Amino acid sequence: MKNKKIAPVLAVVLLIAVIVLFMVCSSILKKYMPTKEVEDLNDYYALTSEEQMAVIKDNTVLEAKGICVDGKAYLDYNTVHDALNERFYWDANENVLLYTTPTDLVTVNAGENRYFVTKAENATDYTITRMDGDTLYVAIDFVQQYTNMAYTYFESPNRVVITTAAGDKEVTAAKKDTEIREKGGIKSPILKQVKKGENLAVIETGDTWSKVASEDGVVGYVKTKFVGDTETVTAASVTNGYTEEFTHIKKDAAINMGWHQVTNMDANGKIASVLSATKGMNVISPTWFYLNDSNGDVASLASLDYVNYCHQNGVEVWGLISNLENPDASSTEVLTHTSKRQNLVNQIIALAIQYDLDGVNVDFEALEGAVGDGYIQFIRELSLKCANNGLVLSVDNYVPTASSSFYNRAEQARFADYVVIMGYDEHYAGSDAGSVASIGFVKNGVSDTIAEGVPAEQIVLGMPFYTRVWALTPKDTAGDSVEAASDDYVSYDTTSQALGMDDVQKLLTTNGAVASWSDADGQNYAEYVNAGVTYKVWIEDASSLELKLQVMKENGLAGASFWKLGLENPGVWDTIIKYVN
């Protein structure tokens with residue numbers, strides 16, 4: 001009887017064991033069996049409509065989407081500008097797309113299939129630009145016309161695979177049939193079945209899984225053991241080979257330029273005395289022109305007699321155009337509206353021709369980052385007309401900083417003949433006391449400008465003829481007398497005035513101040529107290545100027561320029577001509 005009672009129990013136990021074993025085996029199999037789940041590529045590319053198109057650039061799936069209309073692929077403007085070719089410029093105010101070649105301005109009005117190369121009309125068999133709400137889309141065929149890139153379009157789903165000349169790529173052929181999975185792991189969904197011998201670009205090689213891209217734009221992971229030997233393919237060999245060749249007007253001699261501040265017509269009559277005080281100067285830049293309103297009109301203080309006198313003395317005249325004189329004139333308004341910007345360009349060129357100028361010097365300062373693209377487009381458009389009229393174009397720039405990167409010095413250098421570094425105002429009116437142009441500030445300004453992509457032979461180094469005399473006046477923060485202020489802490493009101501070289505020396509002599517050399521600053525430094533006010537002076541003189549000229553020479557720069565004529569001690573020209581002649 002006992003055996004009969006035990007048998008059912010054993011059967012139940014055995015059944016439970018079998019079930020547990022089956023569950024354990026199933027769990028193990030489930031853990032180690034690759035998933036056969038296939039991800040919908042529409043979901044993978046995050047496409048939400050039939051018109052949308054995925055964009056894969058250099059084996060990276062971009063977040064931005066294009067569109068496919070009437071069998072033509074279009075990219076959104078930001079993708080074109082930021083990822084493919086920054087030279088495309090979209091004026092959203094006047095609905096015009098521009099592209100500037102080294103010799104021509106290409107113009108496309110929104111929604112048209114025609115475009116103009118300068119004044120020559122051309123036509124396409126497709127609409128070049130399309131608007132979808134506030135988003136501009138540009139036909140990829142038109143982008144390719146001016147960009148070194150290749151592309152292939154694929155359907156189901158819509159996607160375009162773009163290759164640029166961004167760098168060499170590693171490619172391989174799959175060793176056997178396999179799958180590209182979304183992530184590195186057998187449980188990750190399958191994106192694409194890969195046949196043995198199919199070409200893959202290898203993005204990253206890992207011990208177990210490697211990141212790859214298929215030729216039809218699927219980017220994911222395959223097992224590393226299925227990746228064959230790689231070979232390097234030069235990206236340029238699979239693009240369309242489009243190139244642009246820029247030329248520049250280059251002077252045979254080193255540039256020795258002085259800025260001549262002219263604030264009224266009478267000042268032009270002093271040009272003879274201004275020139276006679278210099279040595280070896282071959283370019284003068286009078287501050288004659290400025291933006292006078294928000295339509296791009298220019299005010300002028302130019303004088304033909306002035307130019308003729310300079311030419312008779314072997315000195316070129318590069319008229320300066322500024323945006324600082326009329327506070328009611330909006331630089332942003334002018335630079336971001338094509339009609340107003342081109343009005344400004346045309347007026348500058350007309351004045352240059354009228355007064356027989358040799359060049360134009362652009363000095364647009366205090367711009368906002370949002371106007372950066374418009375400013376660069378202004379330089380491009382101005383450069384074309386300067387080149388057509390034999391005018392040298394130079395552009396003044398701050399020492400590079402993160403906040404001024406939108407001035408895009410590398411692009412300036414492609415179109416302008418010279419890029420001028422204003423190597424001063426390290427400390428300025430309203431800042432803490434310090435040097436106007438310490439040697440470290442100047443050296444960094446030059447090296448950073450070169451690092452941004454400006455060739456040394458196109459750089460003119462601007463140097464100051466002025467010094468700031470800083471006055472530190474103790475504050476009576478407690479409302480008591482200055483004498484009652486704490487011995488531990490005294491705050492100051494800091495003000496300054498800019499003086500020429502001779503005036504600074506007179507001031508120091510009057511106050512019995514003795515200067516001593518500062519290796520850290522690369523200039524003489526003096527300090528004195530007068531009526532309870534502490535004066536600090538980092539002195540610009542022949543000694544400090546010589547160090548800056550050495551930086552110019554050592555870096556193979558195009559020359560030097562000086563702000564401003566009339567503030568120098570006459571003896572500094574003997575130092576200048578040792579380095580610039």
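Atoms considered below: every heavy atom in the structure, side chains included; atoms not considered: hydrogens, waters and symmetry mates. This structure is a prediction, so every number in the text was calculated from the model and none was measured.
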Answer with yes or no whether the side chains of [Y] and [X] bring together a donor and an acceptor at under 3.5 Å.
X: Asn256; Y: Asn282; value: no
X: Asp58; Y: Thr164; value: yes
X: Asn361; Y: Trp259; value: yes
X: Asp521; Y: Ser435; value: no
X: Asn240; Y: Gln144; value: no

Which pair of non-hydrogen atoms, one from [X] and one from [Y], has the smallest distance, and what is that distance?
X: Ala165; Y: Ala235; result: CA-CB, 3.9 Å
X: Leu304; Y: Gln354; result: CD1-O, 4.3 Å
X: Val572; Y: Met501; result: CG1-SD, 3.5 Å
X: Cys310; Y: Val317; result: CB-CG2, 3.6 Å
X: Ala413; Y: Pro455; result: CB-CD, 3.9 Å
X: Ile284; Y: Leu565; result: CD1-CD1, 3.8 Å

Working to the nearest 0.5 angstrom, can you tell me the gap between [X] [atom1] and [Y] [atom2]?
X: Lys340; Y: Ser331; atom1: NZ; atom2: OG; result: 12.5 Å
X: Tyr466; Y: Leu567; atom1: OH; atom2: CG; result: 9.5 Å
X: His260; Y: Thr287; atom1: NE2; atom2: OG1; result: 7.5 Å
X: Ile255; Y: Lys250; atom1: CD1; atom2: NZ; result: 9.5 Å
X: Leu105; Y: Lys119; atom1: CG; atom2: NZ; result: 12.0 Å
X: Gln347; Y: Ser300; atom1: CD; atom2: OG; result: 10.0 Å

With sequence neighbours excluded, residues passing ring pair (Phe, Tyr, Trp, His ring centres under 6.0 Å) with Tyr528: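 Tyr535.
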Taking it one step at a time, do Trp318 and Leu393 satisfy side chain to side chain contact (heavy atoms under 4.5 Å, CB included)? CA-CA 8 Å; Trp318 297 359; Leu393 177 60; over 6 Å; no
Contact between [X] and [Y] at the side-chain level, heavy atoms closer than 4.5 Å - yes or no?
X: Glu365; Y: Tyr398; answer: yes
X: Asp541; Y: Asn569; answer: no
X: His311; Y: Asp356; answer: yes
X: Leu335; Y: Leu367; answer: yes
X: Val80; Y: Trp90; answer: no

Can you say whether the rings of Trp538 and His427 are parallel (under 30°), tilted (30 to 60°) or perpendicular (over 60°)?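 Trp538 vs His427 ring planes: parallel.
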How about [X]: does its [atom1] atom have over 12 heavy atoms from other parts shown lying under 6.0 Å from it?
X: Tyr428; atom1: OH; value: no
X: Lys506; atom1: NZ; value: no
X: Asp432; atom1: CG; value: no

Would you call Asp417 and Lys251 a salt bridge, using N to O less than 4.0 angstrom?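 Between Lys251 and Asp417 there is no salt bridge, as every charged N stays at least 4.0 Å from the carboxylate O atoms.
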Charged N-O contact under 4.0 Å between Arg341 and Glu94: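 Here Arg341 does not pair with Glu94 in a salt bridge, since their nearest N and O are not under 4.0 Å apart.
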Among Arg87, Gln377, Glu381, find the one that has a side chain to side chain contact (heavy atoms under 4.5 Å, CB included) with Phe415.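 Answer to the side chain to side chain contact (heavy atoms under 4.5 Å, CB included) test with Phe415 among Arg87, Gln377, Glu381: Arg87.
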Using the rule side chain to side chain contact (heavy atoms under 4.5 Å, CB included), only one of Thr107, Thr101, Thr100 pairs with Asp104; which is it?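 Option passing the side chain to side chain contact (heavy atoms under 4.5 Å, CB included) with Asp104: Thr101.
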Residues in side chain to side chain donor-acceptor pair (under 3.5 Å) contact with Tyr99, at least two apart in sequence or another chain: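 Applying side chain to side chain donor-acceptor pair (under 3.5 Å) to Tyr99 gives Asn85, Glu244.
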Please list, chain by chain and in numerical order, all residues satisfying side-chain contact (heavy atoms from CB on, under 4.5 Å) with Thr401, sequence neighbours excluded.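 Checked Thr401 against side-chain contact (heavy atoms from CB on, under 4.5 Å); matches are Ser403, Ser404.
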Exactly one of Thr234, Asn148, Thr147 should register a side-chain hydrogen bond (donor to acceptor under 3.5 Å, both in side chains) with Thr239. Which one does?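 Considering Thr234, Asn148, Thr147, a side-chain hydrogen bond (donor to acceptor under 3.5 Å, both in side chains) with Thr239 is found only for Asn148.
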Begin with the C-alpha distance, continue with both residues' side-chain angles, and end with the deciding distance and a verdict on side chain to side chain contact (heavy atoms under 4.5 Å, CB included) for Val392 and Asp358. CA-CA 6 Å; Val392 177; Asp358 305 284; 5.8 Å; no
